[in-house]
Amino acid sequence: MLNALNAQPQDKILQLIQMYKDDPRDTKIDLGVGVYKDATGLTPVMRAVKSAEKQLWETEKTKTYTGLAGEPAYAEAMQTLLLDSVVPADRLSAVATPGGTGAIRQALELIKLASPDASVWLSNPTWPNHPSIIKYLGMNMAEYRYFDAESRGVDFDGMMADLAQVKAGDVVLLHACCHNPTGANLTLPQWAAVADLLEKTGAIPFIDIAYQGFGDGLEEDAAGMRLLASRLPELLIAASCSKNFGIYRERTGILIAISPKADMRAVVQGNLAFLNRQNFSFPPDHGARLVTMILNDPALRADWQTELEEVRQNMLTLRESLATELRRLSGSDRFGFLAQHRGMFSRLGATPEQVETLRRDHGIYMVGDSRMNIAGLNARTVPILAKAIIDAGI
């Protein structure tokens, strides 16, 4: 049987990680992998997570399975964090998942189960896992314009023109904040315009939120999503705790479905639990329990929010420093977009050949489409990167 298998294409980011590891230069800079790093290059365990883990170790009495949907307390805590009560609880269904990717997979499975002919519309560009999973599931897929290569901002006119073609019952996948891979985000008035359009077309929004707290703040980063949730009858939310809680390897995510009416909740919840059962049965609990403890304990939550804000401010400082250094070296403000983008990523706008030049001549690793992880920088490497960008003719 196994002889019939064909080799799968290599994951470009995983390939980049290996190339970086194999590079003997001590001046190399990793801007490819999508994890937050501090000034020492470490992805630290947050203080509140450490404290919660210690408490859990001292008090946990069993490692038996959780429920198919995960613990209700986790769902309640995450619903409050994400939606802040803009939707009545009796319209919300939720299941814990193995990370944000697991939540996206389960959401797509739900769409396929409920509406197999629906098309899922993705921003161009988007996170590569989105189209990869959709293609694997054999679902219909379409794209809407999103990134303006000239301004390095959102091509909002193009986006709205494309979304005007979406049919009732189709699904539109939107990044809530810190767009991956571009770093270019919608403004709140633009979110309102998107809500108007989706309301008119009858399309269903599907929100991917993996970086709440990394952009403009915990509340600000959820504002567009909450606006849609408050106005539209149905909404799917795939959320990840990997980044803002720093628990990447704990694989902690959640899928939330907003139903039009409270009397639909039980059926939706039952289908979400059914899909979990078909995929992995019971979801992982360790990370979810830590998140629940942190969000429900005032002292732990305050410490977490303080450290999360430190992380956010560090990335903003790196962005500002890089834009300033590039302005000095180039004598122009053509890299000013770097200070305007939010989150870990920005798309530099370099060609694949220029990206290869950065790797070959300067030991700077970024994805081939010139997506770079700002959090991979520090005060020492900012000027090194800026000089390399200018030397590469970008």
>> For a side-chain hydrogen bond (donor to acceptor under 3.5 Å, both in side chains) check, start with the C-alpha distance between T306 and D303, then their side-chain angles and the critical distance, and finish with the verdict.
In response: CA-CA 5 Å; T306 297; D303 191 29; 5.3 Å; no
>> side-chain hydrogen bond (donor to acceptor under 3.5 Å, both in side chains) for Q106 and N279? Distances and angles first, verdict last.
In response: CA-CA 8 Å; Q106 296 301 77; N279 196 339; 3.0 Å; yes
>> For a side chain to side chain contact (heavy atoms under 4.5 Å, CB included) check, start with the C-alpha distance between S242 and R251, then their side-chain angles and the critical distance, and finish with the verdict.
In response: CA-CA 7 Å; S242 294; R251 310 311 299 130; 3.4 Å; yes
>> Is there a salt bridge (Lys or Arg N to Asp or Glu O under 4.0 Å) between E356 and R359? Walk through the geometry before answering.
In response: CA-CA 5 Å; E356 175 58 21; R359 185 199 64 80; 2.6 Å; yes
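S51 is linked by a side-chain hydrogen bond (donor to acceptor under 3.5 Å, both in side chains) to nothing, counting only residues two or more places apart in sequence or in another chain. For the side-chain hydrogen bond (donor to acceptor under 3.5 Å, both in side chains) test, residues two or more places apart in sequence or in another chain that qualify with R25 are D23. Taking the side-chain hydrogen bond (donor to acceptor under 3.5 Å, both in side chains) definition, one finds that W121 meets it with D170, sequence neighbours left out. Qualifying side-chain hydrogen bond (donor to acceptor under 3.5 Å, both in side chains) partners for T43, counting only residues two or more places apart in sequence or in other chains: none. Residues passing the salt bridge (Lys or Arg N to Asp or Glu O under 4.0 Å) test with R371: none are found, sequence neighbours excluded.
Distance alone, capped at 3.5 Å, places no donor-acceptor pair between the R342 side chain and the C178 backbone. For the pair H341 (side chain) and R152 (backbone), a donor-acceptor distance under 3.5 Å is present. Listed for the R319 side chain is a donor-acceptor partner under 3.5 Å among the backbone atoms of G343. Between the side chain of N373 and the backbone N or O of G34, no donor-acceptor pair lies under 3.5 Å.
Annotation for G67 and P283: closest pair O-CD, 3.3 Å, computed over non-hydrogen atoms. Scanning all heavy atoms of the two residues, the minimum distance from N276 to A96 falls at ND2-O, 3.2 Å. When every heavy atom of M78 is checked against every heavy atom of C241, the shortest pair comes out as CE-SG, 3.7 Å. Residues L338 and A323 approach most closely at CB-CB, 4.4 Å, considering heavy atoms. Scanning both residues, L83 and A229, for their nearest heavy atoms gives CD2-CB, 3.8 Å. For M225 against I209, the heavy-atom pair with the smallest separation is CE-CD1, 3.9 Å.
Contact check for L188 versus E220: no side-chain heavy atoms found under the 4.5 Å cut-off. Contact of the T66 side chain with the Y74 side chain is not registered, since no non-hydrogen atoms from C-beta on lie closer than 4.5 Å. The side-chain heavy atoms of D155 and Y144, taken from C-beta on, include no pair separated by under 4.5 Å. Contact of the I258 side chain with the L92 side chain is registered, since non-hydrogen atoms from C-beta on lie closer than 4.5 Å. For the pair P205 and L232, the minimum side-chain heavy-atom distance is below 4.5 Å. With contacts defined as side-chain heavy-atom distances shorter than 4.5 Å, the pair M159/L174 qualifies. Using a 4.5 Å cut-off on side-chain heavy atoms (C-beta onward), L81 and L218 make contact. Taking 4.5 Å as the limit, some side-chain heavy atom of L163 sits within range of a side-chain heavy atom of V172.
Here the two rings, on H179 and Y146, have centers that are under 6.0 Å apart.
For E150, the CD atom sits in a loose shell: 12 or fewer heavy atoms of surrounding residues, nucleotides or ligands are nearer than 6.0 Å. Around atom CZ of R47, more than 12 heavy atoms belonging to other residues, nucleotides or ligands sit under 6.0 Å away.
The list of ring pair (Phe, Tyr, Trp, His ring centres under 6.0 Å) pairs with a residue in residues 267-313, not counting sequence neighbours, reads Y65-F282, F245-W304.
In this structure, K28 is positioned above the aromatic face of Y20, its NZ or CZ under 6.0 Å from the six-membered ring centre and within 45° of the axis.
Using a cut-off of 4.0 Å between Lys/Arg side-chain N and Asp/Glu carboxylate O, R145 and D157 are scored as not salt-bridged.
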